[in-house]
Amino acid sequence: MSDEVVPGAVIQVKTLFFAAYRDMVGAEELDIQLPQGATLRDAVRAIRARPGGDALPEDPALAVNREYASSNRVLENGDEVAFIPPVAGG
Amino acid sequence: MSDEVVPGAVIQVKTLFFAAYRDMVGAEELDIQLPQGATLRDAVRAIRARPGGDALPEDPALAVNREYASSNRVLENGDEVAFIPPVAGG
Amino acid sequence: MYCRITSTPIDPVELLRRVRTNEDGAVLLFTGAVRNHDAGRAVVGLTYDAYEAMAANKLEEICEEVSSRFEVGEIAIVHRVGELAVGDVSVAIAVASPHRDAAYKASRELIERLKREVPIWKRERYTNGDETWLEGFSPQAPKTD
Amino acid sequence: MYCRITSTPIDPVELLRRVRTNEDGAVLLFTGAVRNHDAGRAVVGLTYDAYEAMAANKLEEICEEVSSRFEVGEIAIVHRVGELAVGDVSVAIAVASPHRDAAYKASRELIERLKREVPIWKRERYTNGDETWLEGFSPQAPKTD
């Protein structure tokens, strides 16, 4: 089922922003809708099209459901997508 | 003065034994007399000539007055000579 | 294995107690603390932010990988979040091991991977009132997905 | 710099407190403890002997040399002597440093040099009542005198 693209169908994903990215986007968390079959790259484009979003890099580090993921990762409805600024723990 | 060897003159040094060497020699500390001008090597020979002393190695690690010293070190009256078994701290 | 993100002060002694067993000849404890200076500026404190759920998972993953690579016993890692003052402990890593060589190597690998992979950030607060998010490491995305 | 041979239990926390200042971003604490096994034999304890006056001097000399080679802050080393049971701390080394790399390198060098140069010995006590002095490292005499 999830492999089959239904024309016009949409998924909803939750996007999370931390540290400097949170300051740029002005939000901790945004729910966005994407066409079914959308990739992480599409999610980044959608966020960068919003006010303040263009301050984000074009190819930020990303996580899907708490695991790092590459930008060609296909998203599913309900995924948690985190925009990960360069990390600085310790 | 101390560079000049007086024929027949002797010096006294205190020798110390630790760990396995103490068990071999059967003493913690021995005062020995040596001819003036004697080296550490002479002190080792003197100790090895005693009962139990031949269990010591011919060329043990040695310290004079709490500093490691080589066996050609010339001793002076009152020196503290330590026989140092292989060390095993930590 | 004990991996935590916490908002309360870290007790390094508790970590030492957690990891040591009678099999272990060596315990190595690394603690990172907030310095009063950085890159020539006077610092009053650091504010740590984390993607907490992912950070805890990532710490466990790193601990498991390091455990499998080195002959170590128990590992404990705690990283603090929130507002820290100069001298406060931000991270503590305890590694117990039968032999010291493995403890040193594992400890070093844990802190290096933590700094490069775990989603934690810090904002430096200066004496003049300025604040800035510190530059960090871009984590590597997996090659395939 | 704090270098001691002691016959009383070592408190690692006191060492951490001694070395850390607000200049330091990292503190590394190494503790060595008595294991319950060695080379396949069940161990009940270790008895440490030392040439105490020389050992303390030698520790200070090593600390000074390590301090001058690495960018570290305070160093504290305490080694215990006497009868220790399994789990007792025999040695603790704390190194504070602005940056962690220097702390790891200095800590490792301190414990390696301690084991090779400081006049301390240990006698292992086994469950069957046997005891034996452990093999160690022959310290190098100076080349000239």
Side-chain angles (χ1 to χ4, degrees), chain A residues 2-3 11 13-31 34 37-45 47-48 52 55-76 78-90, chain C residues 3 5 10 30-35 38 46-62 77-81 84 89-93 107-108 110-124 131-145:
Chain A
S2 67
D3 289 323
I11 58 169
V13 301
K14 180 161 80 172
T15 58
L16 303 178
F17 305 94
F18 299 94
Y21 291 178
R22 179 180 295 166
D23 295 348
M24 293 170 189
V25 175
E28 280 188 41
E29 191 177 318
L30 292 170
D31 288 325
L34 295 167
T39 63
L40 265 181
R41 193 174 288 113
D42 298 318
V44 174
R45 281 200 201 100
I47 294 295
R48 294 190 78 246
L56 293 172
E58 280 177 47
D59 193 16
L62 297 157
V64 175
N65 303 330
R66 303 167 183 178
E67 295 280 356
Y68 289 116
S70 59
S71 57
N72 58 358
R73 161 79 165 252
V74 176
L75 295 172
E76 294 188 21
D79 277 350
E80 179 175 293
V81 173
F83 286 64
I84 310 279
V87 302
Chain C
C3 302
I5 304 294
I10 293 172
F30 172 85
T31 62
V34 179
R35 277 180 300 165
D38 185 42
L46 290 176
T47 306
Y48 283 85
D49 187 17
Y51 182 9
E52 291 198 25
M54 178 173 169
N57 288 353
K58 199 73 197 163
L59 281 180
E60 294 216 1
E61 184 188 314
I62 292 170
I77 302 191
V78 181
H79 199 297
R80 189 155 165 213
V81 291
L84 278 72
V89 173
S90 56
V91 59
I93 299 179
S107 174
R108 189 68 200 264
L110 289 164
I111 183 64
E112 299 305 325
R113 290 194 60 182
L114 182 153
K115 285 177 172 266
R116 280 167 179 73
E117 300 176 32
V118 180
I120 300 174
W121 302 273
K122 54 177 167 256
R123 189 170 172 84
E124 216 161 50
E131 296 195 8
T132 187
W133 290 107
L134 292 186
E135 285 295 310
F137 297 91
S138 290
Q140 297 295 308
K143 286 279 182 284
T144 59
D145 227 323

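Lettering of chains follows the sequences in order, A, B, ..., and the numbering in each one begins at 1.
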Practice prompt. Could you list the residues that satisfy salt bridge (charged side-chain N to carboxylate O under 4.0 Å, His left out) with C/R116, not counting sequence neighbours?
Written response: C/E112
Item to complete: Please confirm whether the backbone N or O of C/A141 pairs with a side-chain atom of A/S70, one donor and one acceptor, at under 3.5 Å?
Response: no
Discussion item. Quick check for you: among C/A55, C/A33, C/P119, which has the greatest number of heavy-atom pairs under 4.5 Å with chain A?
Written reply: C/P119
Practice prompt. Side chain from CB out, backbone as N, CA, C, O: work out which of these in C/S138 comes under 4.5 Å of a heavy atom of chain A, or both, or neither.
Written response: both
Item to complete: Go through the atoms of C/A50 and report whether side chain, backbone, both or neither lie under 4.5 Å from a heavy atom of chain A.
Response: backbone
Worksheet entry | Spacing of C/I93 atom CD1 and C/L110 atom CG [to the nearest 0.5 Å] | 5.5 Å
Worksheet entry | Which portion of A/L16 sits near chain C, non-hydrogen atoms under 4.5 angstrom | side chain
Item to complete: Apply salt bridge (Lys or Arg N to Asp or Glu O under 4.0 Å) to C/D49 and A/R22, showing your working.
Response: CA-CA 11 Å; C/D49 187 17; A/R22 179 180 295 166; 3.7 Å; yes
Practice prompt. Mind checking the NE2-CD1 spacing from C/H79 to C/I120? Nearest 0.5 Å is all I need.
Written response: 4.0 Å
Fill in: Set of ring-ring contact (aromatic ring centres under 6.0 Å, His included) partners for A/F18, sequence neighbours left out
C/Y51, C/W121
Item to complete: Name all residues meeting the side-chain contact (heavy atoms from CB on, under 4.5 Å) criterion together with A/A43; count only those two or more places apart in sequence or in a different chain, and write none if there are none.
Response: A/I32, A/L34, A/L75
Practice prompt. Salt-bridge test for C/K122 and C/D38: reply yes if a basic N is under 4.0 Å from a carboxylate O, no otherwise.
Written response: no
Item to complete: Hey, could you give me the CG/CZ distance between A/D59 and A/R41, rounded to the nearest 0.5 Å?
Response: 7.0 Å
Worksheet, complete the sentence: Answer key: most heavy-atom pairs under 4.5 Å with chain C among A/P60, A/A20, A/A63 is A/A20
Discussion item. Which atoms of C/E135 are under 4.5 Å from chain A, going by heavy atoms: the side chain, the backbone, both sets, or neither?
Written reply: backbone
Worksheet item: Within residues 80-90 of chain A, which positions have a heavy-atom distance to chain C below 4.5 Å?
Response: A/E80, A/A82, A/I84, A/P85, A/P86, A/V87, A/A88, A/G89, A/G90
